[in-house]
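So the structure is just underneath, and the comments pick up after that.
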Protein chains: 2
Amino acid sequence: MGDASLRAEQRTVVIVGGGFGGLSAAQALARHPVRITVIDRTNHHTFQPLLYQVATTVLSPGQIAAPLRAVLHRHRNVEVVLGEVTGFDLGARRVKMTDVEVGYDYLIVATGARHSYFGHAAWERLAPGLKTIEDALEIRRRVLLVFELAERDAFMRPTHRPAPSDPQREPINFVVVGGGPTGVELAGALADMARRALAKDFRLIDPTRARIFLLEGGPRVLPSFPEDLSRKTEEQLRKLGVEVRTSTFVTGVELDGVRAGDVSFPSSVTLWATGVAASPLGVLLSDKVDRAGRVFVAHDLSLPDHPEVFIIGDLAVLLADDGHPLPGLAAVAMQQGKAAAENICRDVQGRPRVSFRYVNKGTLAAIGRKAAVADFGRGHLSGVIAWAVWLFVHILLLVGFRNRLMVLREWAWAYFTRERSGKLITGSTSLPGWHEGQDIPAGSGQSASIAAPREPSSPSCR
Amino acid sequence: MGDASLRAEQRTVVIVGGGFGGLSAAQALARHPVRITVIDRTNHHTFQPLLYQVATTVLSPGQIAAPLRAVLHRHRNVEVVLGEVTGFDLGARRVKMTDVEVGYDYLIVATGARHSYFGHAAWERLAPGLKTIEDALEIRRRVLLVFELAERDAFMRPTHRPAPSDPQREPINFVVVGGGPTGVELAGALADMARRALAKDFRLIDPTRARIFLLEGGPRVLPSFPEDLSRKTEEQLRKLGVEVRTSTFVTGVELDGVRAGDVSFPSSVTLWATGVAASPLGVLLSDKVDRAGRVFVAHDLSLPDHPEVFIIGDLAVLLADDGHPLPGLAAVAMQQGKAAAENICRDVQGRPRVSFRYVNKGTLAAIGRKAAVADFGRGHLSGVIAWAVWLFVHILLLVGFRNRLMVLREWAWAYFTRERSGKLITGSTSLPGWHEGQDIPAGSGQSASIAAPREPSSPSCR
């Protein structure tokens, strides 16, 4: 069969990162006679566009994350390795991990980006971003916990007889920093959660009175969308009860509030959805990086001077025809993953490489549970039709047939009922690393009388 | 209406703990004209009998935990408070929490028990028990991680060409300590996971070769069951590949193994499923406690000298007619919750209290995914019929109509396919607090060649 010699000839491709870019590269390459190793520091691919739904109790982690092994297991030339890449030896063509190195013929780096705090590292603890399952669970924990603590606080007050307008009761405030798609989706989902999903869970507090602020530094939300859709988005958010503040640039984040110049916003939970800080691996690969640490790549997506190294997704900067860098979207990363795979394959076959061109099939952002905006270049959609498109596209893109069914079911359930599978606080019910070791804050009163029931029921034992 | 005076007359019942006992007491009392406060340090009721399925990737946390607010929200005389009880003032009838106190007319304490490590506190970190959602996620993380690390280790070896019997490859070993129902169910589910669910996920290691030891100090597994069922259970476990060792009393737990006298068992992950240590609140309520810290209660389940205080579930000791204490089962706790509610109700109505009698409707233990044992007193069942009964009973008892459907579906899926929604490692992929700050252990080799694919596929780019 000459099998051994065939194998010996095969090139090895190492892919670092199992996000949209890395996974699509692995899947595209898997059909070809190359040996592929996917290295990721988690064991799963995360469907990031739906993370905000885990953070706001609609979905559970297992529904938007798929183990990389499960996704790739039918491709026998793909090996998945759990590990953290610490550096590269581009000359010797080796990837460095803790204690060990892995050699490659081709390298694809797709380790993405996190949020940038504009040099204020201390803000991250107070205002977490939303990039991983762990982030989403931490946000969910904080969001649910502030309602629980407010209820407990009200319960412990000596006179807590319900008086909905009681001014002494501290309201719950959420501040979302950043009016891009993630910020818009988070703010809309928080409003939906407070106004609907939690509305009847509490006895003494009224979750529907929670305030949700969405702060955007620029003049309009969704700055990457056409202006008419930004306007529609703001309208829609206002209908949901989100207080949108544009041209509001955050200058300070504290435990109980956010400052923007002279204006202060009270905040029980602050969420961060702005800024881009590329994976720290970027600067280890090249000194040609932009301010966010993203690496400038050639038109074939390779690193200048290192045609065997490809950088794709949020870690790469490639200027589009209009001179602007391509946006940090799943669609871009996926198309780049396929393109890098194609160019590797062409190399192997001795054919010339092709330049990457992003085909913009449209961008979407959901606003609460009934509206969305969609930008298809010439065509713009908003409202419930855009929402139907959003739903369809996200279900299609979700990895794994089974997750699709589960998520559809969960959405239907969340749409028609107030029930949600994700209203679980896991981890600590105190607030370490956030309220710094403070235990569940207690009410101001020393001791308390007990809540009166609203209606006594049948007065017999059986 | 005289509403205010009616309310003023109402007794307040504080229930500490939202497990099987506390929840059943709350639900039974909710139909009566009393004011009820349920205090728990988590926001959810956990269906503990299925925790082992979360630990072994079959189910997700949201499927076996239900937010207490959601479960109780239709009872308007029930208030749920998230908080940690730190003590009691039995004279003044007050429950102490951090900084605050809550008064009561009746108190029901149902804070359960954890595992006991027989005075070896250091073993807990090395061999976690299984009582909470967090425990289950930590066990799942460790179990999945050892397979990942073994694969990575094999990958990093200079010569890792598959040789299934390669003696230098370190096998994966699980040790489950304790042959009661939890230990049996965990060991069976681990075997099922290694032999089926993970069988094809890896390229270089063979998960089906993992060894699973079940260590029991007494002469037979399931000591609380009749002898014939213990024998059948051992047979069934052996068929699944579990190595059962009875009369094996653990004398040492280390990072990589467990000692039992002169015998050592190698262990990659050790799980603890034995011993009872009652909630520390027990000794704060009474000095009449047994060695496990469980409180001796009167036949009406109240604390001697404090008829207004009831202790139920795993925190209570009540001798059955045969002189033995009642077992720590969900069924006992639930019946006791109802009985305590009944006695409070009778007090309010000026009727005499009744003594608690446990009605044993049978006990069950599942062994893997196709067998179980069931003890109905006179009738014993084993094998697939017992398993059908187990399935039926657990679905019936699961709190929440919706969770029932979800779990049924998940079981059907796990039964017929290898896919599981729970194969997710969340939290750290290093091993802090377990392998003490050690990062992902690397292979012994310095660098590695890349795994050979088994079959190259189509050799063209498109």
Side-chain angles (χ1 to χ4, degrees), chain A residues 6-7 12 31 33 35 37 41-44 60-62 65 67 69-70 73 76-77 79 81-83 98-103 133-134 148 152 155-156 200-201 203 342 345-346 349 402 419 421-426 429 439-440 442-443 447-448 450-459 461, chain B residues 6-7 10 12 31 33 35 37 41-44 60-62 65 67 69-70 73 76-77 79 81-83 98-102 133-134 148 152 155-156 200-201 203 342 345-346 349 402 419 421-426 429 439-440 442-443 447-448 450-459 461:
Chain A
L6 190 71
R7 273 185 199 162
T12 61
R31 294 176 291 119
R35 296 179 286 195
T37 304
R41 59 181 172 189
T42 75
N43 80 331
H44 50 271
S60 296
R69 285 193 191 288
H73 102 267
R76 312 212 68 174
N77 54 337
E79 167 70 330
V81 173
L82 180 77
T98 329
D99 293 347
V100 286
E101 295 183 8
V102 179
I133 293 284
E134 285 79 8
E148 289 291 341
R152 178 163 179 254
F155 180 76
M156 290 306 169
K200 294 198 178 118
D201 276 6
R203 297 277 178 262
E342 167 81 16
C345 187
R346 285 170 164 264
Q349 296 177 352
R402 176 139 181 274
E419 252 191 85
S421 70
K423 281 187 195 172
L424 227 56
I425 300 177
T426 50
T429 50
D439 203 351
I440 300 171
S447 62
I450 302 291
R454 293 179 205 167
E455 276 151 290
S457 46
S458 129
C461 273
Chain B
L6 191 70
R7 273 186 199 162
Q10 281 182 4
T12 60
R31 294 176 290 117
R35 296 179 287 195
T37 304
R41 58 182 173 189
T42 75
N43 80 332
H44 50 270
S60 296
R69 283 191 194 290
H73 103 266
R76 312 212 69 174
N77 55 337
E79 167 70 330
V81 173
L82 180 78
T98 329
D99 295 347
V100 287
E101 296 184 7
V102 179
I133 292 284
E134 286 78 10
E148 290 291 342
R152 179 164 179 254
F155 179 76
M156 291 306 169
K200 294 198 178 119
D201 276 5
R203 297 275 179 263
E342 167 82 16
C345 186
R346 284 171 164 264
Q349 295 176 353
R402 176 138 182 277
E419 252 192 85
S421 70
K423 281 187 196 172
L424 226 56
I425 299 177
T426 51
T429 50
D439 204 350
I440 300 171
S447 63
I450 303 289
R454 294 178 202 166
E455 277 151 290
S457 45
S458 128
C461 272

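Residue numbers start from 1 in every chain, and the chains themselves are labelled A, B, ... in the order their sequence lines are given, proteins ahead of strands.
- The minimum heavy-atom distance linking A/R69 with B/D201 is given by the pair CD-O, 3.4 Å.
- When all heavy atoms of B/A65 and A/L424 are compared, the pair lying nearest together is CB-CD1, 3.7 Å.
- The minimum heavy-atom distance between A/E134 and B/I425, with the atom names listed, is OE2-O, 4.2 Å.
- A pairwise comparison of heavy atoms in A/N43 and B/E148 identifies CB-OE2, 4.1 Å as the closest pair.
- Across A/P67 and B/K423, no two heavy atoms sit closer than the pair CG-O, 3.4 Å.
- Shown here for B/R152 and A/L82, the closest heavy-atom pair between the two residues is CD-O, 2.9 Å.
- Under the 3.5 Å distance criterion, the side-chain polar atoms of A/R203 are matched with a main-chain donor or acceptor of B/H73.
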